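Just below is one structure, and these are the notes that go with it.
These figures come from a predicted structure and were not determined experimentally.
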Amino acid sequence: MALTNKLNITDSTALARTEEKLSKQKALLLFESGYLNTLRAGTFNSLARIHRYLFEEIYDFAGEIRTVNLSREYFVTVQAGLRAHRAGRVKRGGCGHPPPSQSDFHGADAVTDNM
């Protein structure tokens with residue numbers, strides 16, 4: 001069974017192929033546009049913006065902290081609670097940046113990175 005997606009693809013292999021094709025196309029555009037140069041390296045906000053841009057056509061959760069576990073076949077690949085915990089630890093782990101607000105996850109087209 002495939003992850004719930006905006007494209008209504010139910011076959012996991014077909015979804016994986018589509019995800020790979022679309023995200024690679026968008027990654028190339030992201031790189032060539034120079035947008036990456038406008039983001040602050042290593043911040044959660046920047047990673048969330050990149051994730052949103054790469055996967056927003058496929059998944060509703062693109063650019064957000066997971067609230068459900070993700071798995072492929074019988075193997076859990078991302079545990080929601082652990083992911084959120086680690087994100088919180090990175091935000092508080094002496095990096096000097098405040099935790100992101102909900103507005104930090106929107107506006108992937110913004111040029112500045114406030115984190």
Side-chain angles (χ1 to χ4, degrees):
M1 184 75 175
L3 285 172
T4 302
N5 60 82
K6 293 180 177 182
L7 306 175
N8 296 317
I9 297 172
T10 57
D11 179 72
S12 59
T13 302
L15 178 59
R17 287 184 181 138
T18 301
E19 180 183 306
E20 180 180 6
K21 180 181 177 183
L22 290 175
S23 63
K24 283 182 177 179
Q25 289 171 346
K26 292 193 84 171
L28 182 62
L29 292 172
L30 190 64
F31 180 75
E32 289 179 341
S33 71
Y35 178 70
L36 293 175
N37 297 327
T38 69
L39 299 175
R40 186 168 176 194
T43 66
F44 180 81
N45 189 35
S46 293
L47 293 175
R49 288 177 182 204
I50 292 167
H51 189 269
R52 177 180 295 278
Y53 180 77
L54 293 177
F55 298 106
E56 65 189 347
E57 294 176 22
I58 306 168
Y59 302 112
D60 288 327
F61 60 79
E64 298 177 9
I65 293 177
R66 303 232 199 294
T67 58
V68 296
N69 291 340
L70 296 184
S71 63
R72 297 200 187 256
E73 297 197 21
Y74 300 105
F75 181 73
V76 175
T77 56
V78 178
Q79 291 181 318
L82 182 60
R83 178 88 171 137
H85 170 73
R86 286 187 178 163
R89 192 170 72 207
V90 169
K91 289 180 281 188
R92 292 186 305 271
C95 62
H97 301 293
S101 66
Q102 278 300 100
S103 64
D104 290 327
F105 297 104
H106 303 290
D109 54 357
V111 176
T112 59
D113 183 0
N114 295 324
M115 291 279 308

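Lys6 meets the side chain to side chain donor-acceptor pair (under 3.5 Å) test with no other residue; sequence neighbours excluded. Glu20 meets the side chain to side chain donor-acceptor pair (under 3.5 Å) test with Lys24; sequence neighbours excluded. Considering only residues two or more places apart in sequence or on other chains, Leu22 meets the side chain to side chain contact (heavy atoms under 4.5 Å, CB included) condition with Leu7, Thr18, Gln25, Glu57, Ile58. Remark: Ala27 pairs with Leu54 by the side chain to side chain contact (heavy atoms under 4.5 Å, CB included) rule, at least two apart or across chains.
For the pair Tyr59 and Leu15, the minimum side-chain heavy-atom distance is below 4.5 Å. Looking at heavy atoms from C-beta onward, Arg17 lies in side-chain contact with Thr13 at the 4.5 angstrom threshold. Counting only heavy atoms from C-beta outward, the side chains of Glu64 and Arg52 approach each other to under 4.5 Å. Proximity of Leu39 to Leu47: side-chain heavy atoms (C-beta onward) are nowhere separated by under 4.5 Å.
Across all non-hydrogen atoms, the minimal contact from Tyr53 to Lys26 is O-NZ, 2.7 Å. Here the closest heavy-atom approach between residue Glu19 and residue Phe55 is recorded as CG-CE2, 3.6 Å.
Of the inter-residue distances, the one linking Asn37 atom CG with Phe31 atom CZ reads 8.0 Å to the nearest 0.5 angstrom.
Side chain of Asn5 to main chain of Leu3: a donor-acceptor pair is present (N/O by atom type, distance under 3.5 Å, no hydrogens or angles). Judged by distance alone, with hydrogens and angles left aside, the side-chain atoms of Ser46 form a donor-acceptor pair with the main-chain N or O of Arg40 at under 3.5 Å.
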